[in-house]
There are 2 protein chains.
Amino acid sequence: MIFTQKLECAWSSSGSLLTVGLDPDTKRFPAELQGRPDAIFEFCRSIVDVTAPYACAVKPQIAYFSAHRAEDQLEELCAYILAHHPDLPVILDAKRGDIGSTAEQYAREAFERYQADAVTVNPYMGFDSLQPYLEWKSKGVIVLCRTSNAGGSDLQFLEDAEGTPLYLKVASLVAERWNTNGQCGLVVGATFPDEIAKVRARVGSMPLLIPGIGAQGGDISATVRAGRDAGGNGMMINSSRAILYAGSGDDWREAAALAARATRDAINAERGG
Amino acid sequence: MIFTQKLECAWSSSGSLLTVGLDPDTKRFPAELQGRPDAIFEFCRSIVDVTAPYACAVKPQIAYFSAHRAEDQLEELCAYILAHHPDLPVILDAKRGDIGSTAEQYAREAFERYQADAVTVNPYMGFDSLQPYLEWKSKGVIVLCRTSNAGGSDLQFLEDAEGTPLYLKVASLVAERWNTNGQCGLVVGATFPDEIAKVRARVGSMPLLIPGIGAQGGDISATVRAGRDAGGNGMMINSSRAILYAGSGDDWREAAALAARATRDAINAERGG
């Protein structure tokens, strides 16, 4: 099944637009996992198991694994999700961007080694830096457009002679030229609902990956109103830290599940879902 | 020693502006290494040993290791270079770019795990996505500006109301605002010598990492004339495939050394060094 179909099925079966971001910060792990060599895998596996009923996707952030020599645990995690939650799309958050011959290697990393359903990529190097990912026809390619951090404005807000900012140029390029096989999505931060609406107006029903609610402070209601597609879907609204570290005692699994459910419900309240 | 000092010493002691890019493509390895579990390490180690006399830096491209589950070999390689070629700067080519909390992890990956002297980063997410790298005061942070691939023009050539293209905006931002501690460099492709000259005019003596000669076809003479700083240095001119795969028989080490020496000489002929 291709990524966009898998995502649509997940929206439908879960009734959720929530994406659970897996940013495993070992310093914040519960006591029972401290010191275990497989702590990163075990933490993420548990989080996925308890939050999967409330989520349409999960998004492991590869940097948190790479900084700890834990690529093997990321492999194991992705294989576990595929085996135990086969309908849950896995978005590898890697934000890669490089020339074609190197991008081929990164695509193999994401899609072959980690078996991810989709990967995030950076548009700065242009279309040919994305082509090697697009050649994996069943996979999703989610392009950075308007990021949720403060510095996102430094480049993304630069305007051309007609007053069009760079992030809208990227949205149009992806929607009109780069998305030749219907595989693409865009990253648009929840910290800027007005800009989500402007992107949505340009890209039809293209899926938007929306980080920035939860710890980053984005407004859920405004995000949903701005980002939903005509069918009330179209979004993967990501929360990482607010779910992962909702509890720090023995009840950390339950606390994460409750936080995920509450976030799903807050999203659905606005969506009318 | 901080990165820029280490680089200046390497320019001076080697008399070379050549950077050897380590893009280990296992399919192109010589027969003697085929099937060896440590083939990637052994290939790169040999290349570094024979080309180091002709180089001011080496640049491992992390994707070629990640796609083959060979992070351990990259660690070993970086440790080997530090032990056996301690004056040779190691630039980890990773082109990372993410929000601050994630960038902290990527900085640990580059500077702690791999002990790199410098890392390449992507500017699309703005200043706060670079800050965690800059906090490693002794390390170099080399920002993508004008890349050597055809698609580089898709975004980097977009012009503002005054006609300034994005890549020159990036050059100015880095030179005037982001380079608060003198750690930064810029990536500017050799396929566009006129643009190298425009970047050089904006950034003073800032080091430029220049890919695109060799397999990518950039003109060495035009590159050197456009990119040299007032002292005739200022550049890390990268060649990867044209050196790594100069020979494919038993003489692959000698062929790589000869290709590196010839490239150094071609650069120096124009430089007057």
Side-chain angles (χ1 to χ4, degrees), chain A residues 23 25 61-69 71-72 75 93-109 112-113 122-131 144 147-156 158-163 166 169-170 173 177-178 211 215-216 241, chain B residues 23 25 61-69 71-72 75 93-109 112-113 122-131 144 147-156 158-163 166 169-170 173 177-178 211 215-216 241:
Chain A
D23 299 7
D25 181 349
Q61 167 49 256
I62 196 169
Y64 285 83
F65 297 83
S66 301
H68 294 275
R69 296 187 170 84
E71 284 88 2
D72 56 338
E75 280 188 45
D93 197 358
K95 300 188 177 70
R96 302 307 193 211
D98 214 309
I99 61 170
S101 52
T102 300
E104 283 175 25
Q105 303 293 321
Y106 279 132
R108 287 185 59 174
E109 180 193 30
E112 194 175 280
R113 179 178 185 184
N122 188 306
Y124 190 75
M125 293 182 65
F127 180 60
D128 63 358
S129 72
L130 270 54
Q131 265 179 320
L144 293 185
T147 62
S148 55
N149 60 316
S153 308
D154 290 342
L155 263 62
Q156 296 156 28
L158 294 175
E159 294 184 354
D160 67 9
E162 287 80 43
L166 180 62
K169 286 268 192 186
V170 170
L173 278 172
R177 292 177 42 199
W178 295 357
Q216 292 186 63
R241 287 167 278 179
Chain B
D23 299 8
D25 182 348
Q61 166 50 256
I62 194 169
Y64 286 82
F65 297 83
S66 301
H68 294 274
R69 295 187 172 83
E71 285 87 1
D72 55 339
E75 280 187 44
D93 196 358
K95 300 188 177 68
R96 303 305 194 213
D98 215 308
I99 61 170
S101 53
T102 300
E104 285 175 23
Q105 303 293 321
Y106 280 131
R108 284 185 60 176
E109 181 194 27
E112 195 175 279
R113 181 179 183 184
N122 188 306
Y124 191 74
M125 294 182 66
F127 180 62
D128 63 357
S129 72
L130 270 54
Q131 264 178 319
L144 292 185
T147 62
S148 54
N149 60 316
S153 307
D154 290 343
L155 264 63
Q156 295 156 26
L158 294 175
E159 293 183 355
D160 67 8
E162 287 81 42
L166 181 62
K169 285 269 193 186
V170 170
L173 277 170
R177 291 177 43 199
W178 295 358
Q216 293 186 63
R241 288 167 278 179

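Worth knowing before you read on, the calculation uses all heavy atoms, side chains too, and leaves out hydrogens, waters and symmetry mates. Each chain gets a letter, A, B and so on, in the order the sequences are listed, and its residues count up from 1.
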Quiz prompt | For chain A, the option from R69(B), E162(B), R108(B), K169(B) that forms the most heavy-atom pairs under 4.5 Å | solution = R69(B)
Quiz item: About how many Å separate CD of E159(A) and CG of L158(B), when rounded to the nearest 0.5 Å?
Solution: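 Reported to 0.5 Å precision, the distance equals 13.0 Å.
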Quiz item: Which one, E104(B), H68(B), E112(B), Q156(B), leads in non-hydrogen pairs under 4.5 Å with chain A?
Solution: Q156(B)
Quiz item: Between A161(A), A63(A), G100(A), which has the largest tally of heavy atom pairs under 4.5 Å with chain B?
Solution: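 Heavy-atom pair counts peak at A63(A).
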Quiz item: Looking at S66(B), A94(B), S148(B), G97(B), which one has more heavy-atom pairs under 4.5 Å with chain A than the rest?
Solution: S66(B)
Quiz item: Top residue by heavy-atom pair count (under 4.5 Å) with chain A, among D128(B), L144(B), L166(B)?
Solution: D128(B)
Quiz prompt | Region of D160(B) that comes under 4.5 Å of a non-hydrogen atom in chain A | solution =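 The answer is both parts of D160(B).
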Exercise. Evaluate the side-chain proximity of K95(A) to R96(B): yes if any heavy-atom separation is below 4.5 Å, no if none is.
Key: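 Answer no - side chains too far apart.
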Self-check item: Largest heavy-atom contact set with chain A, pairs under 4.5 Å, which of L173(B), L130(B), D25(B), I99(B)
Solution: I99(B)
Quiz item: Is there a side-chain contact between W178(B) and P123(B) (heavy atoms, below 4.5 Å)?
Solution: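 Side-chain contact under 4.5 Å: yes.
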Self-check item: Per-residue contact mode, S101(B) against chain A (heavy atom under 4.5 angstrom)
Solution: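 Both parts, backbone and side chain.
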Quiz prompt | Atom pair CG (D154(A)) and OG (S129(B)), whose distance is rounded to the nearest 0.5 Å | solution = 8.0 Å
Quiz item: Which residue out of F127(A), Y64(A), F65(A) racks up the most heavy-atom pairs below 4.5 Å with chain B?
Solution: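 Looking at each option in turn, the highest pair count goes to Y64(A).
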Practice problem: Tell me, out of Q105(B), E109(B), R177(B), who's got the most heavy-atom pairs with chain A below 4.5 Å. | Solution: Q105(B)
Exercise. Measure across Y106(A) and D93(B) and return the closest heavy-atom pair with its distance rounded to 0.1 Å.
Key: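 It is OH-O, 4.3 Å.
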Quiz item: Do Q61(B) and D98(A) meet the criterion of a side-chain donor-acceptor pair at a distance under 3.5 Å?
Solution: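 A pair is found: one side chain offers a donor N or O, the other an acceptor, under 3.5 Å apart.
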Exercise. Sort Q131(B) into side chain, backbone, both or neither according to what part of it lies under 4.5 angstrom from a heavy atom of chain A.
Key: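 Neither the backbone nor the side chain of Q131(B) comes within 4.5 Å of chain A.
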